[in-house]
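Here is the structure we will look at, set down as structure tokens.
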Amino acid sequence: MAYLIEQGIAPANILALTFTNKAAREMKERFISLIKDDHDPKSMKVLFAGTFHSFCVRILREFIEKLDYNKNFTIYDESDQIALLKQVIGKLAGANSDIDANKIKFLIGLAKNKGHEAPTAANGELAPQIFQRYQEGLKLRNAVDFDDLLLLAVRLMKEHPDVLDALRQRYRYLLVDEYQDTNQTQFEIVRLLASESKNICVVGDDDQSIYSWRGAESTHILEFGNFFPNAKTVKLEQNYRCTPNILKAANYVIKNNSKRHLKQLWADGADGDKIRLVASAGEQEEAAWVVAEILNRRRIDNLSWESFAILYRANHLSRTFELELRKFRIPYRVIGGLGFYERREVKDVVAYLQVIMNPSDDISLLRIINQPARGIGKVTLEELIRGAREAKHSIWEEVQLQRQRSGGRSQAGLEKFSDLIHRYHVRFQQETTWSQIMKDLLEEIGFFEDIRRTSKDNNEASSRCENVQEFVSSLAEFEQKREGTLQDFVDNLRLEQKEDKDEEKDGFGVTLMTLHAAKGLEFRHVFLVGVEEGILPHDRSKLEGNVEEERRLFYVGITRAMKGLVLSYCDKRRRYGQEEPRHPSSFLTELPQDVLEHISANSTLTEVKPEVAFDRFSALKAKLSASGR
DNA sequence: CTCTCGCCTGTTTTT
DNA sequence: CAGGCGAGAG
């Protein structure tokens, strides 16, 4: 990107795509720091650097009317999808059918990611019908799901050559990061945009392909030359991040994969510290050891909290570490997991905004029509849904009909709700102080009182109220920056994990995140925790015969570390409130012994003694006898 | 119509 | 353990 700018290419003609918002942010930052001496960073705002999804939203908001959607379409997230699917399944198979909405959602996603119009019948007898009804349901609600964003963008470009042409004119230089993770649809987008100009540059590493479960195919990068025959390949084999010891460990692990593009990674400099393999009795001990080590290391080397990251395979593993960090009042941030906007109270507030902007959005409407309670109960709702279905219009329109008809206890409620949405719809259109309107709305419906009333305790109540307050202040902030419409605000919310607000200014503490989220990032000290058989590799991957992807995940984790790497596992772990025995990951046996140091978390930090010798059979034996007792 | 209680089920990874 | 959901009392 910096090179293109140096060559005099207009920033508006450059399009840079990534897979996560964090990676996009990181890319922008590094780019700005490269060019800031010669160019005004502000003039670079027209350069689009973002995720595939946010790029697609942008072009769809501009052109989607050509596909017979309304411009103010709503983006459905996972829970909205599930809600819609449950409706569809209920309609199709009866209320007490045992069809799992989650499974269907997964199948639909898989099909869409591969660019299919419908899942094949083999996926389950009802799946094709459900898929069809689901898609109709989205359309009816003027909504699109995450995968549709990509699919519709492709359709737009294919069916409307004038649009494609305009986009090609606009985005003349295309760059894609983490290209090994492109799925069929994303590949199609790239191909459509770049096939004429051939001004395309992609970066990727097949050893870091960790999204095949989302339809990513690393063949896209391996066969790049087939689509762009004059492509020039540049191998980046020197690693500037890790110490030779860490890189050696990574190389040893990854070479156990059979399906890969061979390369010789090397790193300069001193070997560095040994990699520490820490065994703990349980997750409490593991967390205690890790946090004590962070405290220690920070003091000794005079480091910032930001130098440390705790990485894990699955989100729920963050909990014990959060508790322990809190105990010592160490600042930290958790990436992912239950996102900010996924919290009940925040979702409710967002749903109000959605309905106000797009009343056809039944899913959001049903969420808030009786929230806080205004006398619209199950019976009324069923009537509304039935009426809407029969008349083939939205529930909102059905509300407009039924509020006229008198009788029934819910009448007043319907009247009130309908009037409320109308009034605020007008206000949001006419006034520009969105945050004030939002405050008025929350006040009028008694949202905070309702939260206090329905919360289990004071703690929960105040934290939920705070979340809503924070939402309102982020709205205020957005409004002050004048960076976009209210619709843009909601889009960002949907597509972006809520990041810590003061992340930019004074650091954000220790980072906790999944291995997937860590890709593309680096930390001075990495603690890769829960390295146990069944967690990494995950049990499910073994069933699905995809252990090699788990190994790549392990590889990604190892190579996030610049100087220090700790791999840690427990002998037992609580799961569903029940304690279970655990065993070290088989991946650990693939590590070169000479770069390892074995540590038992039972020994205190001041007197760290290397364990006798790591012998997994004796370790296993010890565990078996322990569990036997 | 509202609310509480207790049973149930699930936990991979992300936009 | 925790959040979702249905049943049943008020």
Side-chain angles (χ1 to χ4, degrees), chain A residues 17-24 50-57 75-79 81-83 86 95-96 100-103 106 109 112-113 144-150 178 181 183 185-186 209-216 311-320 335-339 341-344 370-382 408-413 450 453-454 456 460 491-497 513-519 530 534-544 546 549-550 552-554 556-557 573-580:
Chain A
L17 297 174
T18 63
F19 288 83
T20 64
N21 295 299
K22 261 196 313 310
T51 63
F52 272 93
H53 294 266
S54 58
F55 169 67
C56 291
V57 172
I75 302 167
Y76 272 12
D77 69 9
E78 227 166 333
S79 60
Q81 285 187 64
I82 293 290
K86 281 185 177 165
N96 39 4
D100 181 0
N102 277 296
K103 201 175 256 167
F106 174 77
K112 285 186 172 181
N113 281 325
V144 303
D145 65 21
F146 284 138
D147 301 317
D148 283 347
L149 291 172
L150 304 176
E178 307 283 7
D181 286 327
N183 65 30
T185 319
Q186 289 159 331
S209 163
I210 53 177
Y211 283 102
S212 74
W213 52 276
R214 240 172 81 182
L311 308 181
Y312 35 77
R313 174 68 234 263
N315 280 308
H316 68 268
L317 293 168
S318 71
R319 264 188 79 172
T320 41
I335 307 285
L338 233 210
Y341 80 86
E342 286 169 292
R343 313 224 171 140
R344 245 200 339 273
N370 200 34
Q371 180 67 41
R374 47 173 78 83
I376 303 170
K378 213 169 96 185
V379 176
T380 307
L381 279 181
E382 262 158 24
R409 266 194 284 172
S410 56
Q411 201 64 33
D450 190 63
R453 198 172 49 81
T454 53
K456 268 263 170 276
E460 190 194 319
D491 284 350
N492 286 346
L493 223 63
R494 293 257 142 171
L495 295 177
E496 212 167 317
Q497 300 262 1
M513 63 183 152
T514 64
L515 290 165
H516 282 88
K519 190 160 63 98
I535 293 179
L536 181 68
H538 196 274
D539 273 333
R540 216 136 132 184
S541 73
K542 289 199 241 174
L543 287 172
E544 287 158 13
N546 208 0
E549 179 147 315
E550 298 286 304
R552 289 193 290 271
L553 209 42
F554 187 41
V556 166
R573 187 180 285 280
R574 247 172 205 294
R575 197 178 174 223
Y576 300 139
Q578 200 88 106
E579 199 157 79
E580 280 180 359

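Bear in mind that the values here come from a model prediction, so they are computed numbers and not experimental data. Every chain is numbered from 1, with letters handed out A, B, ... down the list of sequences.
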Tell me the interatomic distance from [X], atom [atom1], to [N], atom [atom2], rounded to whole angstroms.
X: A/Asn21; N: B/dT15; atom1: CG; atom2: P; result: 6 Å
X: A/His538; N: B/dT14; atom1: NE2; atom2: P; result: 12 Å
X: A/Leu381; N: B/dT2; atom1: CG; atom2: P; result: 9 Å
X: A/Asp147; N: B/dT15; atom1: CG; atom2: C1'; result: 8 Å
X: A/Glu544; N: B/dT13; atom1: CD; atom2: P; result: 13 Å

Check whether any side-chain N or O of A/Asn183 sits under 4.0 Å from OP1 or OP2 of B/dT15, and answer yes or no. no
A/Asn370 side chain, from C-beta outward: closest of B/dT2, B/dC1, B/dT15: B/dT2
Using the side-chain heavy atoms of A/Ala314, tell me which of these nucleotides is nearest: B/dT13, B/dC1, B/dT14. B/dT13
Using a 5.5 Å cut-off between ring centres and planes within 30 degrees, is A/Trp213 stacked on the base of B/dT13? yes
Check whether the side chains of A/Asp450 and A/Gln371 place a donor and an acceptor atom closer than 3.5 Å, and report yes or no. yes
A/Ala216 backbone acceptor or donor facing A/Asp181 side chain under 3.5 Å: no
How would nucleotides 1-10 of chain C be written as a contact map, 5' to 3', with B for base contact, S for sugar-phosphate-only contact and - for no contact, using protein heavy atoms under 4.0 Å? BS--S-----
What residues form a ring-ring contact (aromatic ring centres under 6.0 Å, His included) with A/His53, not counting sequence neighbours? none
Sequence neighbours excluded, which residues qualify as ring-ring contact (aromatic ring centres under 6.0 Å, His included) partners of A/Phe554? A/Phe587
Among A/Arg552, A/Glu549, A/Glu544, exactly one meets side chain to side chain donor-acceptor pair (under 3.5 Å) together with A/Ser212. Which residue is that? A/Glu549
Remember a base hit wins even if backbone is also touched, and classify A/Ser54 as base, sugar-phosphate or nothing at under 4.0 Å, heavy atoms. nothing
Salt bridge (Lys or Arg N to Asp or Glu O under 4.0 Å) between A/Arg573 and A/Glu580, worked out: CA-CA 5 Å; A/Arg573 187 180 285 280; A/Glu580 280 180 359; over 6 Å; no
